[in-house]
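Every chain is numbered from 1, with letters handed out A, B, ... down the list of sequences.
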Amino acid sequence: MRVYALLLRLYPASFRHEYGVDMAEIFARRRRDAVGPAARGVLWIRTLIDVVTNAAIVHADIVGQDLRYTARTLRRSPGFAVTAVLVVALGIGATTAAFSVTDFALIRPLPFPEASRLVKLWERTPGYSRMELSPANYRDWKQAATSFSSMGTYASTSMNLVGAGDPQRLEASWVSADLFPTLGVAPLLGRSFAEADDRAGAAGTVVLSYHLWQSTFGGDPDVAGRHIVLGDTPYTVLGVMPATFNFPASTVAGSTVDLWTPFRFDEQAYQDRNNNYIVAVARLRPGVSVAQARAEIQVIANQLKQQYPKENRDTDSTVIELQSDVSRQSRLLLEALAGAAFCVLLIACANLANLLLARALGRRKELAVRTAMGAGRERLARQLVTESVLLAGVGGAIGVGVASAAVPLLTRLVPTNLPTVGAPSVDLRVLVFAAVLTALTGIAFGMMPVWRMGREAHLEGLREGARAGGGRKERLRSALVVAEIVASIVLLIASGLLLRAMWRLQATDPGFRVDHVLTMRTSLALPKYESTTRRAAFYEQVLADIRALPGVANAAYTSFTPIVMGGGIWPVSVNGQPEMRSEEHTASLRFVTPGFFDTLGIPLREGRNVSESDTADRPFVAVVSESFVKRFLSDERAIGRHFTFGLSDRTVVGVVANIRVRGLELPSEPQVYLPYKQVADGNIIGYVPKDLLIHSSLDAGALMPSIRAVIRRADPQMPISNVRTMGEIVDGQTASRSVQLRVLGAFAMVAFLLAAVGIHGVLSFAVSQRAQEIGVRIALGAQRSDILSMVVGRGALLAAAGVVPGVALAYVAGRMMEALLVGVRPGDVATFASVVGLAIVMTLAGCLMPTLRALRVDPITAIRTE
Amino acid sequence: MYPHWLYSARVTDKPTAPDALLPLPPATFHILVAVADEDRHGYAIIQDIEARTGGELRLSAGTLYRSIQRMLEQGLLTEPRERPARADDDERRRYYRITPFGEAVARAEARRLSQLVKMARARGLRPEKA
């Protein structure tokens, strides 16, 4: 019988109380009738089925009843229903949108098998925590390390595909044969690289991306074995990678890697330990932790320091999980967004709880009557929870809709270096997240009034003229409002700080002309353009023709457009000091054509520009930035000084102003500009000038057709890509910030409004509950000013209780995102002062209506209701 | 900020027509039939149904009380205050009585069932003799 009593607990308590005894009795009779173990067994099985199915039906019945009841009551108070639903929709919508982006970028595992075991290996030198490896160091690390089951390497490049329609510039990647096996991804079609394809002298082979296979090769199922021409070298297609494979992430925002080809390192490649351009990816052996691998690689790096004291003196190592290979910047942006969304959710929940509490208070009588008529506490609790879950459910559904609409606007916040395909969207994971959040919101905040109700004497509600639900309830509601104020202050200050940071960034002078400059890339394919003379002929023809175009002021070629490519860092050695690779001993290297400084409006401070007469047979010269003079030449007279840089000794012939080659936020290394002719054939080939800059009053649309014609004339096989204005490039620096700021700002405004509404709600309620008291006071001779200060005083108290911790928390939040603030102090006085000012306005606005109402209390009517 | 119209509500149940509840679940119909002539308690209802159906239908306790609960809410049954004056009256037991609405519903269901049988017969589908 005890078992049966336990089984009965599956029924709702109300049902059990009503019929439990009778059911137990019937069961007892049945048990008496069942003789023998077989009959008993059958009885138990039947009983079990009976209890489970019927309990489920009874529960469903009650839910149905409650839903119908809720729908009816809500229809009668649409204002409450709409407010509650909107509040929930806002909270869930914001959080869901933020989650879908954060999940996509930071949380979900990368699309590789056992992705958590994949790590990236970098060299580390003073000032550079993640620097590419030199092939020689890579080879030594790989040979010595035991922590990994496999290791591969890659480097990004670009190649020109000719002979298949228009010449096409492709995002390509050099890979070692063991890269794909290390990642654990097999080709969709054909085969990937074998060791033999990756040896010096092996025939050219490529694996295509799914995208390129579809777009250029029409999805040809027999593509494996086909011959293609890249630059002017023949390659054989080996296979096609799956559509979801995008590794390494393209260095060009918005594009994906098109094809892969083996490194085929020769002995020459292993000579220079300071030629860092490859990235290593490794798979940890089972049971080996990242920390162990990190320790082992550092030991190896230390051995190499002793073995190669000249080149490796400053070379340490970094090992990080592939998953966390997202810049600190992007991570912070996303974390700030997620934190803000969570704040909005909390505020929304606090508001929902306040709404429900107020409603429960207003329905006290109804609930007490129902209790008196025999509805158990459990039934009432279920009713209230059903109501809040229904509200939360509808709100959550709308919130998910809001999130689906908002997510595409947030993709700007996704770091571009993710090895994934596609964009964040509201998918199953996100839906589950939203559903759990909604259910929690509904249940937790539905339970709050129930829990309150349980503490009150049941019959209190029936007493006529009962005053407010006691000080406790009011304190809880006040606490919720204070929490709303805290959260809104934190959000407002965070947004304010980020706004100041963005203004500061946007006001930053990059040091070069931003308006009326058009940029594009014409990648000069190797080995066709390996010789310096051949390149010079191309530049001369193209630049002369472009300068002759109407509306063009000047044009020039450079290795890399500033900001687009911030790297290209080489060690500087002055007076025969050994080369060091720490931050204080490096400068950025750019080969430029004459006209570069004029095109970008970089002022020449001293000496002369690079010129056409700076040829390979003349003394090697360099134009350096002022920061270079300050750092390396002790700020003394620079012209005529010598230094070793980029494999040769160079003489300073000119000094120009600094530019922000690393972008608006990061500190830039000093700049060195070398004449494009002063480089040996095939040397520093990655630095071949290929980015074309044009200073023109015409816009890109008007200019491009004639530029295309000019380049086609010079080389019909030369593809043109990355056409962008300098303005777009510089704006791109703050694009993700401005998206984040707009989102945060919207969150902050919503939070601010909700908090104001919260203050208004608590005060209104207090005034209406205390109308009698106010009436009595007025009757006893209290002045209007006393009433005024009573109401406003409470409002001010609420605001102060929220502002003080809010300001403190905001300072903490500011400290946490200091890296995003580009020098704006986390305790920025102007920001804090304006937000506190806003909080005062908010409090006054929230107090306005309740105060007016309190002042209008008519003592006679107020007292008479007693 | 939450004026009265935001949260006040009053709810009443609308009366239902007997036909609106048709077709009745078999258990409901049997229970109505069982209490048609006299008030019975739960176990007596089960026994009555079992006897009338020749042991074919033996309601489980769960099905019985779940149905009873729903029927009380629908107004098909009531729990009478006065107890039947009989020797076997058990103080603890709860008795159920059919309401006029319950009778109307039972009649409507019986009519529906007999019409179904009539229709079947008209097409030559006669029940086989047991």
Side-chain angles (χ1 to χ4, degrees), chain A residues 4 7-8 11 14-15 18-27 29-30 46-47 49-55 57-58 61 65 68-69 72-81 83-84 354-363 365-366 757-765 768 846 849-850, chain B residues 1-14 16 20-21 25-28 31 34-35 39-50 55 57-79 81 88-96:
Chain A
Y4 191 72
L7 277 179
L8 282 179
Y11 284 101
S14 54
F15 187 88
E18 200 83 346
Y19 307 111
V21 177
D22 291 7
M23 291 171 77
E25 197 201 317
I26 292 176
F27 177 74
R29 282 175 192 256
R30 291 264 156 89
R46 277 201 187 142
T47 306
I49 295 172
D50 172 53
V51 170
V52 170
T53 51
N54 283 303
I57 296 174
V58 173
D61 272 357
Q65 267 174 27
R68 279 193 298 278
Y69 183 83
R72 276 203 301 263
T73 51
L74 290 183
R75 220 176 297 139
R76 274 151 213 246
S77 45
F80 164 78
T83 316
N354 251 343
L355 276 168
L356 290 172
L357 280 172
R359 185 174 155 86
L361 213 54
R363 287 166 70 186
K365 250 187 187 165
E366 176 203 331
V757 167
I759 292 184
H760 172 84
V762 164
L763 291 183
S764 291
F765 205 81
S768 65
M849 289 307 295
Chain B
M1 83 151 166
Y2 314 117
H4 200 254
W5 54 266
L6 261 176
Y7 48 78
S8 72
R10 205 137 311 257
V11 175
T12 48
D13 278 306
K14 281 187 214 130
T16 337
L21 294 177
T28 304
I31 294 169
V35 294
D39 298 354
R40 289 180 204 270
H41 57 74
Y43 191 63
I45 295 174
I46 293 180
Q47 283 177 313
D48 180 69
I49 295 174
E50 201 175 338
L57 184 62
R58 199 179 185 203
L59 283 190
S60 71
T63 310
L64 175 75
Y65 284 105
R66 167 171 66 76
S67 306
I68 285 178
Q69 190 199 32
R70 202 183 280 175
M71 291 164 78
L72 285 167
E73 272 160 18
Q74 289 169 332
L76 300 176
L77 297 180
T78 56
E79 287 188 57
R81 286 213 176 155
D88 60 42
D89 179 28
D90 185 333
E91 255 313 294
R92 292 170 306 154
R93 281 198 185 133
R94 310 174 64 157
Y95 283 80
Y96 302 98

CZ/Arg94(B) to OH/Tyr19(A) distance, rounded to the nearest 0.5 angstrom?
-> 6.0 Å
So which part of Arg68(A) gets closer than 4.5 Å to some heavy atom of chain B, the side chain, the backbone, both or neither?
-> neither
Within 6.0 angstrom of Arg29(A) CZ, more than 12 heavy atoms from elsewhere | yes
Nearest non-hydrogen partners of Ala61(B) and Tyr4(A), listed with the distance = CB-OH, 4.0 Å
Where do Met23(A) and Tyr65(B) come nearest, in terms of heavy atoms and distance?
-> CG-CD1, 3.2 Å
Determine, stepwise, if the pair Leu64(B) / Ile26(A) fulfils side chain to side chain contact (heavy atoms under 4.5 Å, CB included).
-> CA-CA 11 Å; Leu64(B) 175 75; Ile26(A) 292 176; 4.1 Å; yes
Chain A contact via Leu72(B) - which portion, at a heavy-atom distance below 4.5 Å | side chain
Any chance you could measure Ile57(A), atom CD1, to Ser67(B), atom OG, to the nearest 0.5 Å?
-> 8.5 Å
Inspect the contact between Asp61(A) and Arg70(B) and indicate whether a charged nitrogen and a carboxylate oxygen are less than 4.0 angstrom apart.
-> yes
Member of Thr53(A), Asp50(A), Thr47(A) meeting the side-chain hydrogen bond (donor to acceptor under 3.5 Å, both in side chains) criterion with Ser60(B) = Asp50(A)
Contacting moiety of Val58(A), where chain B heavy atoms sit under 4.5 Å | both
Gln65(A) versus chain B, heavy atoms under 4.5 Å apart: side chain, backbone, both or neither?
-> side chain
Residue part contacting chain B, namely of Arg75(A), when any heavy atom lies under 4.5 Å | neither
With rounding to the nearest 0.5 Å, note down the distance linking CZ in Arg30(A) to CZ in Arg58(B).
-> 4.0 Å
